[in-house]
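Please read the structure below before turning to the comments.
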Amino acid sequence: MEKVKSCDRIKEALRIRNMKQSELAEKTGLSKSAISQYVSGTIEPRQNGIYALSKALNVSEAWLMGFNVPMDRKSDLDRIEQSERDKIINEYELDDLEQQEYDKIMNMNFLMFEGRKITEEEKENMAELMKKIFVSSLLRKRQDDEEEKNNN
């Protein structure tokens with residue numbers, strides 16, 4: 001089974017959402033030129049572009065990439081108990097930007113390995129690892145920020 005092209009999926013989503021390319025550019029923060037190139041199929045969006053497009057169009061990243069999956073956007077955050085997310089946010093006192101970064105990292109509903117979708121168990125294991133990496137990076141960044149502040 002051949003994948004559908006991303007440009008065709010973007011066009012379809014724009015049509016369904018009754019949205020213009022210029023509106024999509026505004027919602028995503030991507031340039032009008034980039035949107036035009038994605039829609040024409042001149043270039044394929046990279047991962048951060050796919051994420052921004054899927055969020056703005058309210059469609060699944062995997063669907064937008066052309067995979068045969070439901071169009072509806074369902075974040076893996078839906079699978080992770082809200083209390084787990086709240087625990088991380090409260091324990092580490094995440095600001096809005098840090099919360100957005102955490103959500104982006106935890107949204108892994110399009111992962112594949114050697115052309116095969118990962119299993120639910122693999123997703124759960126990956127989510128646990130990603131949480132540890134996020135917290136480690138967050139603490140390191142805060143330590144660096146504090147040291148820089150003290151040096152000034």
Side-chain angles (χ1 to χ4, degrees), residues 1-82 84-89 92-120 122-142 144-145:
M1 176 184 268
E2 195 171 307
K3 278 184 9 177
V4 177
K5 292 180 180 179
S6 292
C7 62
D8 293 332
R9 289 288 171 88
I10 295 169
K11 289 175 200 172
E12 184 177 352
L14 284 168
R15 181 184 55 76
I16 290 169
R17 302 293 185 236
N18 195 26
M19 190 184 297
K20 294 181 177 175
Q21 289 183 29
S22 58
E23 293 173 82
L24 184 57
E26 262 183 55
K27 283 187 158 198
T28 60
L30 300 170
S31 71
K32 291 179 184 178
S33 172
I35 299 293
S36 176
Q37 290 176 321
Y38 296 157
V39 170
S40 69
T42 306
I43 60 172
E44 286 285 320
R46 293 181 178 223
Q47 186 174 354
N48 59 343
I50 290 286
Y51 176 78
L53 290 166
S54 66
K55 189 172 179 184
L57 292 165
N58 196 25
V59 297
S60 157
E61 288 94 340
W63 180 85
L64 195 61
M65 293 167 62
F67 293 102
N68 186 20
V69 297
M71 180 182 179
D72 295 337
R73 179 177 176 79
K74 291 187 180 165
S75 168
D76 281 346
L77 291 173
D78 295 339
R79 292 186 319 93
I80 298 171
E81 292 181 29
Q82 186 66 29
E84 180 67 24
R85 181 178 181 274
D86 290 344
K87 179 181 166 192
I88 295 285
I89 290 169
Y92 296 100
E93 299 175 350
L94 302 185
D95 62 28
D96 289 343
L97 184 59
E98 292 166 339
Q99 286 181 40
Q100 289 174 3
E101 285 296 314
Y102 178 81
D103 291 346
K104 190 165 63 172
I105 287 169
M106 297 309 296
N107 187 6
M108 303 177 300
N109 57 354
F110 60 90
L111 287 178
M112 299 186 76
F113 180 72
E114 293 184 358
R116 166 187 76 76
K117 289 182 185 175
I118 65 173
T119 66
E120 290 302 311
E122 290 167 330
K123 280 183 183 180
E124 289 170 14
N125 291 338
M126 182 68 77
E128 199 56 43
L129 287 171
M130 294 306 292
K131 277 191 272 189
K132 289 178 183 178
I133 291 168
F134 173 81
V135 168
S136 173
S137 296
L138 174 70
L139 294 176
R140 193 170 54 251
K141 179 189 178 303
R142 287 180 177 175
D144 291 347
D145 290 349

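Under a 3.5 Å cut-off, the side chain of Ser54 and the backbone N or O of Ser60 do not form any donor-acceptor pair. Arg17 contributes a side-chain N or O that, together with a main-chain N or O of Asn58, makes up a donor-acceptor pair within less than 3.5 Å. Between the side chain of Gln37 and the backbone N or O of Thr42 there is no donor-acceptor pair closer than 3.5 Å. Judged purely by atom type and a 3.5 angstrom limit, Arg9 has no side-chain atom pairing as donor or acceptor with the backbone of Val4.
In the displayed structure, Asn18 atom CG is contacted under 6.0 Å by at most 12 heavy atoms of other residues, nucleotides or ligands.
Residues Glu12 and Trp63 have side chains in contact (heavy-atom distance under 4.5 Å, counting atoms from C-beta outward). Side-chain contact between Leu30 and Leu53: present, with at least one pair of heavy atoms (C-beta onward) separated by less than 4.5 Å. Residues Leu97 and Gln100 have side chains in contact (heavy-atom distance under 4.5 Å, counting atoms from C-beta outward). By the 4.5 Å heavy-atom criterion applied to side chains, Leu14 and Lys20 are not counted as neighbours. Residues Met19 and Lys27 meet the side-chain proximity criterion, which asks for heavy atoms closer than 4.5 Å.
A salt bridge links Glu98 with Arg142: the closest approach of a Lys/Arg side-chain nitrogen to an acidic carboxylate oxygen falls below 4.0 angstrom. By the 4.0 Å N-to-carboxylate-O rule, Lys141 lies close enough to Asp145 to be salt-bridged with it.
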Derivation and outcome, side chain to side chain contact (heavy atoms under 4.5 Å, CB included), residues Leu138 and Leu94: CA-CA 9 Å; Leu138 174 70; Leu94 302 185; 3.3 Å; yes
